[in-house]
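To start, the structure itself, in structure tokens.
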2 protein chains.
Amino acid sequence: MPERPFHHGSLRTVLLDEAEKVLRERGVDALSLRELARDAGVSHGAPRSHFIDRKALLDALAERGFNRMAAEMRGAADRESSDYAQSLRACGHAYLNFAVKDSALLDLMFAAKMDDPPDSLIASAEGLFGAISDIMGAGVAAGVFPEQSIERLTILMSATMQGLSTFVAARRVDTALGSALIDDAIALFLRGASAKSESHT
Amino acid sequence: MPERPFHHGSLRTVLLDEAEKVLRERGVDALSLRELARDAGVSHGAPRSHFIDRKALLDALAERGFNRMAAEMRGAADRESSDYAQSLRACGHAYLNFAVKDSALLDLMFAAKMDDPPDSLIASAEGLFGAISDIMGAGVAAGVFPEQSIERLTILMSATMQGLSTFVAARRVDTALGSALIDDAIALFLRGASAKSESHT
DNA sequence: ACCTGAACACCGTTCAAGT
DNA sequence: ACCTGAACACCGTTCAAGT
């Protein structure tokens, strides 16, 4: 194995992979371009070729986070596709799992100071939202959600999962309770939404 | 007005007030102990007398955030105490308002990397949660929430407000839509919870 | 196109010394 | 008890220069 001439086109990926690890183990504040460069065996100016500044690296991390989470949500829904309510629960648990394992990354993805996000990041974020929309849309086909309110229900369901994730990640709610509350929320939404559609007929 | 000898016991408050302003206008990353010291007209080592390190300042800010938010929630509930559903909506809007005006502060309050938070911070966080619990508890008295599930409903309601706040602060959901979704969520919870209690009889 | 290495301004933190 | 000011290690960012 070569001692030095590692990177020829792969430095970007190497930096992102290591950054994701640091983010997970020590948080955003511990993320330093110079340290990443040191660990990759390149000079401190090298990352500049791939990330214009620290914010660009963080945006790239958030983008990968959105893509991975969308994939995990779709995967969870597909594995439990027999019973709709169960597939919905699987998605909720996938969301919570992501939040527990990568809480700093999730924070990054929904950071309030999202000033002028690059187009690719917006696209990835919409990819996650699209995945959730598709899953909720399947509920219309399954007859458990009324079509006219599906857009709002999608946002509400997402928001509930996001909020629970925040509380669990912040250790204000136990992981087991958080998991049970995901199920409660889904049951509540199923009851509330169908009650509304019945009151319409 | 004296040019220099400002602070004799008030430096701590001056630093916190200015920090809150910087947090609101430029985000956490722009928060620097040295800059705060400069603006307050003291040496860069002076803050050390009141905050052992940067994290201690951030914790103090979060603590003030929890206290203020709890007060605003109680205030909103009291102003609309005639109709219970309306007081619930007022609370939700108060939560969202806080999130929009002080998104960076809310992030700080529910930061995932809440390593060993000081007791006073935990107490303040529980103060907010207590305020929300009281408001939800009034719903039991009003007969709209079943008593046996009030604890879980409280967390779910909080999580939904928190999640919506995150989405609105991150500009993934419009402020007006976020406000309308708060009302939708409350309506859903009221329907779902009462449907459940009816199914028990 | 990608990386090096010096340079600059800015930090957080520590600590002996002052009042 | 509170604040000063020097010192240290570490950053992000820029940029001319190399390959």
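Being a predicted model, the structure only gives us computed values, none of them experimental. By convention in this document, chain letters (A, B, ...) are assigned in the order of the sequence lines, proteins followed by strands, and residues within each chain are numbered from 1.
For the pair A:R54 CZ and D:dC10 P, the computed distance is 17 Å after rounding to whole Å. Summarising the geometry, the separation between CG on A:L15 and C1' on C:dC3 is reported as 12 Å, rounded to the nearest angstrom. We find that CG of B:D29 is positioned 15 Å from C1' of C:dG12, with the value rounded to whole Å. In this structure, A:L33 atom CG and D:dT13 atom C1' are separated by 10 Å, rounded to whole Å. The nearest whole Å value for the distance from the NE2 atom in B:H50 to the P atom in C:dG12 is 17 Å. In this structure, A:D53 atom CG and D:dG12 atom P are separated by 11 Å, rounded to whole Å. Taking atom CG on A:L58 and atom P on D:dT13, their separation rounds to 10 Å, with Å as the unit. A:F51 places its CZ atom 16 Å from the P atom of D:dT14, with the value rounded to the nearest Å.
A:S120 and A:E63 share a side-chain donor-acceptor pair at under 3.5 Å.
Proximity note for A:S32 (side chain, C-beta onward) versus D:dT4, D:dG12, C:dC11: the nearest is D:dG12. Side-chain proximity of B:E35 to the nucleotides D:dC3, C:dC11, D:dT13 is greatest for C:dC11. For A:S49, the listed nucleotide lying nearest its side chain is C:dC2; candidates were C:dC2, C:dC15, D:dC3. The listed nucleotides are D:dG12, D:dT14, D:dT4; the one nearest the side chain of A:R48 is D:dT14.
For B:R34 against C:dT13, a side-chain-to-base donor-acceptor contact under 3.5 Å is present. Judged by distance alone with a 3.5 Å cut-off, a donor-acceptor contact links the side chain of A:H44 to the base of C:dA6.
In summary, A:K55 and A:D59 engage in a salt bridge, as defined by a charged side-chain N under 4.0 Å from a carboxylate O. Contact check on A:E72 versus A:R68 returns a salt bridge, with a Lys/Arg side-chain nitrogen under 4.0 Å from an Asp/Glu carboxylate oxygen.
Distance CG/A:L15 to CG/A:L33: 8.5 Å, rounded to 0.5 Å.
C:dC11 makes up no base pair with any nucleotide shown, lacking Watson-Crick or G-U wobble contacts both under 3.5 Å. D:dC2: Watson-Crick or G-U partner is C:dG18, with both key distances under 3.5 Å.
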message: A:L156 vs B:L164, test: side chain to side chain contact (heavy atoms under 4.5 Å, CB included). Steps then yes/no.
response: CA-CA 7 Å; A:L156 279 186; B:L164 279 175; 3.9 Å; yes

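Using a 4.0 Å heavy-atom distance criterion, B:R38 is classed as a sugar-phosphate-only contact.
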